[in-house]
**Student:** 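I have a structure here, written as structure tokens, and I will follow up with some questions on it.
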Amino acid sequence: MRVAFLGLGIMGRSMAANLVKAGNDVTVWNRSPKAVEGAKTAVSPKEAAANAEVVWVCVSDTAAVEQVLTGKDGAFESLKPGMIVADSSTILPEISVKFAEQARERGADFVDAPVTGSKIAAEGGTLIFMTGGKDETIQKLDPLLKAMGKTVIRIGDNGKGLGAKLAMNLMIALIYEGFAEALTLATKLGVDQQALFSLIQSSMVRSGVVDYKMPFVEKRDFSPNFPLRLMHKDIRLMLEAAKESGVKLPALETVKNIYDKAHEAGRDDLDYAATLLTVEELAKGK
Ligand code: NAP
């Protein structure tokens, strides 16, 4: 398929590379110039989308999606009937629904296709997609979804993929914070870290989140797989969505305080696992 891929960050660069590897005709665009081997490079989203059947987006946040789709020289300037726009960025569901309406007004279609699996799954083509949109449109995207991921879960209409994504990341944020606080307490109590890790891995508290993060925490490697600023952004989205729908998320509000502190400490570009450093500082009375 002829695909325009917009956004070559930690996730997008590997997703685009996997589309190339699967034999698609890919044109990439990134705000700061970047290339992907085997893909053409465009100077704007509009140019990238000019000849595309599918426009795939993976950028930071709502403002970035707005910029690449509906901003000056945005992809929507090249939108033609029959084209499909798929967005893997994590943004507010209701705003994604508005993008879908705008795409449909032009005879195109739109799917929210957020992902889980982080950097390692993006590299390995083993992402899990949760999709929102029309079944027949998602069906057309199947070869592309299979090139980038191992599982596609159809959640529902437009915006529902993102609703599920926010719920997923809520759990990830809470599970990791549980791990960070347990580790900090156990260390203070003189528990050997390796013994604690073995116990976690062999007990019911084992989780995919901990499986992913433990090797990094062991090495104290906080280089970004999922940057802290993006999880912080997702927490704000969850709280906004909760407020609008009358839901209270007291545990998440507490976890947000840790992210606020980590942000103040200049940890935005580290992995969100670096919230451990903030919990450790609190334990030292800092
Ligand atoms: P990232 O490495 O920070 O990359 C962000 C991308 O967005 C870059 O290409 C950046 O361009 C672009 N961008 C930011 N602001 C922009 C703007 N105003 N206009 C145009 N482009 C803009 O982020 P990532 O980890 O790839 O994440 C991308 C999306 O996937 C986010 O919504 C994130 O929440 C979601 N996600 C991430 C993970 C993960 O584990 N990393 C997992 C699931 C979902 P520049 O290169 O020019 O800065």
Side-chain angles (χ1 to χ4, degrees), residues 4-18 28-36 39 41-49 55-76 86-93 95-96 99 112-131 148-151 153 161-173 175-176 208-209 212-213 216 222-238 240-241 259 267-274:
F5 202 102
L6 313 177
L8 303 173
I10 291 172
M11 301 299 282
R13 65 181 175 234
S14 297
M15 293 165 76
N18 283 328
V28 297
W29 173 85
N30 194 62
R31 178 178 60 175
S32 53
K34 276 184 196 161
V36 167
T41 307
V43 297
S44 66
K46 178 185 175 180
E47 187 189 286
V55 177
W56 211 289
V57 184
C58 190
V59 291
S60 309
D61 53 20
T62 309
V65 177
E66 205 153 36
Q67 184 66 40
V68 304
L69 292 183
T70 59
K72 187 179 174 316
D73 291 329
F76 275 19
D87 184 19
S88 288
S89 322
T90 309
I91 63 170
L92 211 55
I95 296 185
S96 184
F99 290 133
D112 48 302
V115 293
T116 190
S118 203
K119 185 181 179 215
I120 293 174
E123 287 168 352
T126 58
L127 287 167
I128 296 166
F129 285 90
M130 51 216 99
T131 56
M148 297 183 282
K150 64 171 179 185
T151 309
I153 310 228
L162 279 163
K165 172 65 187 168
L166 293 183
M168 286 278 297
N169 273 21
L170 189 157
M171 286 191 67
I172 293 174
I175 291 168
Y176 182 76
V209 176
Y212 193 112
K213 292 300 175 193
F216 292 99
F222 297 110
S223 55
N225 278 244
F226 183 26
L228 194 145
R229 65 184 149 76
L230 292 182
M231 182 61 107
H232 201 185
K233 173 258 310 178
D234 288 355
I235 291 174
R236 288 193 296 268
L237 294 179
M238 293 162 209
E240 201 176 327
Y259 280 78
R267 300 194 168 118
D268 275 356
D269 290 323
L270 297 180
D271 193 85
Y272 77 90

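From a predicted model like this one, the values you see are computed outputs, not experimental measurements. Ligands are counted one by one from 1 in listed order, and the atoms in each one are counted from 1 as well.
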**Student:** Kindly compute the distance separating CE (Met148) from CD1 (Ile128), expressed to the nearest 0.5 Å.
**Tutor:**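 Answer rounded to 0.5 Å: 14.0 Å.
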
**Student:** Any atoms of ligand 1 less than 4.0 Å from a non-hydrogen atom of Ala64? List them with their elements.
**Tutor:**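 Taking each heavy atom of Ala64 in turn, ligand 1 has 15 (N), 16 (C), 17 (C), 18 (N), 22 (C) under 4.0 Å.
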
**Student:** Measure from the side-chain N and O atoms of Asp271 to the backbone N and O of Pro227, and report whether any donor-acceptor pair falls under 3.5 Å.
**Tutor:**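 No; zero donor-acceptor contacts below 3.5 Å.
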
**Student:** Could you state the interatomic distance from CG (Asn169) to CG (Leu237), rounded to the nearest 0.5 Å?
**Tutor:**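 Between Asn169 CG and Leu237 CG, I get 9.5 Å after rounding to 0.5 Å.
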
**Student:** Can you find an N/O atom of Trp29 closer than 3.5 Å to an N/O atom of ligand 1?
**Tutor:**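 No.
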
**Student:** Run the numbers for me: atoms of ligand 1, each under 4.0 Å from some heavy atom of Leu8, listed by number.
**Tutor:**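 Those of ligand 1 that fall under 4.0 Å from Leu8 are 9 (O).
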
**Student:** Could you name the option among Asp271, Asp269, Ile10, Asn169 that has the heavy atom nearest to atom 2 (O) of ligand 1?
**Tutor:**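 Residue with the shortest heavy-atom distance to the ligand atom: Ile10.
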
**Student:** Would you say ligand 1 has an N or O under 3.5 Å from any N or O of Asp61?
**Tutor:**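 Between Asp61 and ligand 1, no N or O pair is found under 3.5 Å apart.
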
**Student:** In ligand 1, which numbered atoms sit nearer than 4.0 Å to a non-hydrogen atom of Val115?
**Tutor:**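 By the 4.0 Å cutoff, the relevant atoms are 43 (C), 44 (C).
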
**Student:** Tell me, which protein residue and heavy-atom name are nearest atom 35 (C) of ligand 1, and how many Å apart are they?
**Tutor:**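 Scanning the protein heavy atoms, the shortest distance from atom 35 (C) of ligand 1 goes to Thr90 OG1, 3.6 Å.
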
**Student:** Among all protein heavy atoms in this structure, tell me which lies nearest to atom 41 (N) of ligand 1, with the distance rounded to 0.1 Å.
**Tutor:**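 It is Asn225 O, 2.9 Å.
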
**Student:** Backbone, side chain, both or neither: what part of Thr116 comes under 4.0 angstrom of ligand 1, heavy atoms only?
**Tutor:**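 Contact part for Thr116 vs ligand 1: neither.
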
**Student:** Give the numbers and elements of all ligand 1 atoms closer than 4.0 Å to a heavy atom of Lys165.
**Tutor:**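 Result: 43 (C), 44 (C).
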
**Student:** Among all protein non-hydrogen atoms, which one is nearest to atom 40 (O) of ligand 1, and what is the separation to 0.1 Å?
**Tutor:**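 So the nearest neighbour among protein heavy atoms is Ser118 OG, 2.6 Å.
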
**Student:** For Lys34, take its heavy atoms, then give the atoms of ligand 1 lying under 4.0 Å from any of them.
**Tutor:**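 It comes down to these atoms of ligand 1: 46 (O).
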
**Student:** How far is atom 30 (O) of ligand 1 from the closest protein heavy atom, and which atom is that?
**Tutor:**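 Among all protein heavy atoms, the one nearest atom 30 (O) of ligand 1 is Cys58 SG, 3.7 Å.
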
**Student:** Atom CD1 in Ile91, atom NZ in Lys165: separation rounded to 0.5 Å?
**Tutor:**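 Ile91 atom CD1 to Lys165 atom NZ measures 13.0 Å (nearest 0.5 Å).
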
**Student:** Would you say Met11 and ligand 1 have an N/O pair spaced under 3.5 Å apart?
**Tutor:**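 Yes; at least one N/O pair falls below 3.5 Å.
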
**Student:** Among protein heavy atoms, which lies nearest atom 4 (O) of ligand 1, and at what distance?
**Tutor:**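 Looking at atom 4 (O) of ligand 1, the protein heavy atom closest to it is Gly9 CA, 3.3 Å.
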
**Student:** Need the ligand 1 atom indices (1-based, order shown) with element for anything under 4.0 Å from a heavy-atom of Arg229.
**Tutor:**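 Counting atoms of ligand 1 from 1, those under 4.0 Å from Arg229 are 3 (O).
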
**Student:** Which atoms of ligand 1 have any heavy atom of Ser32 under 4.0 Å away?
**Tutor:**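 Close to Ser32: 45 (P), 46 (O), 47 (O).
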
**Student:** Where is the tightest heavy-atom contact between Met11 and Leu127, given as atom of each residue plus distance?
**Tutor:**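 Shortest heavy-atom contact: CE-CD2, 3.6 Å.
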
**Student:** Which heavy atom of Lys34 sits nearest a heavy atom of Leu8, and at what distance?
**Tutor:**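 That closest heavy-atom pairing would be NZ-O, 3.3 Å.
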
**Student:** For ligand 1, note which part of Leu230 has a heavy atom under 4.0 Å away: side chain, backbone, both or neither.
**Tutor:**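 Side chain only.
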
**Student:** Specify the protein heavy atom at minimum distance from atom 29 (C) of ligand 1: its residue, its atom name, and the distance to 0.1 Å.
**Tutor:**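 Atom 29 (C) of ligand 1 sits closest to the protein heavy atom Val59 O, 3.3 Å.
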
**Student:** Would Lys233 count as a polar contact of ligand 1, with the cut-off being nitrogen or oxygen pairs under 3.5 Å?
**Tutor:**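 So ligand 1 has an N or O lying under 3.5 Å from an N or O of Lys233.
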
**Student:** Nearest non-hydrogen contact with atom 21 (N) of ligand 1 belongs to which option: Glu66, Arg31, Met231?
**Tutor:**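 Ranked by closest heavy atom to atom 21 (N) of ligand 1, first place is Arg31.
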
**Student:** Over 60° means perpendicular and under 30° means parallel, so tell me whether His232 and Tyr259 are parallel, tilted or perpendicular.
**Tutor:**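 Taking Tyr259 first and then His232, their aromatic rings sit tilted (interplane angle of 30° to 60°).
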
**Student:** Which ligand 1 atoms are under 4.0 Å away from a heavy-atom of Val68?
**Tutor:**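 Once the distances to Val68 are compared, the set is 20 (C).
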
**Student:** Locate the shortest heavy-atom distance separating Val36 from Arg13; write the atom from each residue and the value.
**Tutor:**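 Looks like CG2-O, 4.2 Å.
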
**Student:** Using distance alone, determine whether Gly7 and ligand 1 share an N or O pair under 3.5 Å.
**Tutor:**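 The answer is no, given that Gly7 and ligand 1 share no N or O pair closer than 3.5 Å.
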
**Student:** How far is atom 9 (O) of ligand 1 from its nearest protein heavy atom, and which residue and atom is that?
**Tutor:**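 Result for atom 9 (O) of ligand 1: Asn30 OD1, 2.6 Å.
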
**Student:** Quick check: do Leu230 and Ser60 have side-chain heavy atoms less than 4.5 Å from each other?
**Tutor:**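 Yes - at least one pair of side-chain heavy atoms lies under 4.5 Å apart.
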
**Student:** Taking all heavy atoms of Ala113 and all of Thr131, pick out the closest pair and write down the distance.
**Tutor:**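 In this case the closest contact between Ala113 and Thr131 is CB-CG2, 4.3 Å.
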
**Student:** Can you pull out the closest protein heavy atom to atom 5 (C) of ligand 1? Residue, atom name and distance to 0.1 Å, please.
**Tutor:**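 Answer for atom 5 (C) of ligand 1: Ser60 OG, 3.3 Å.
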
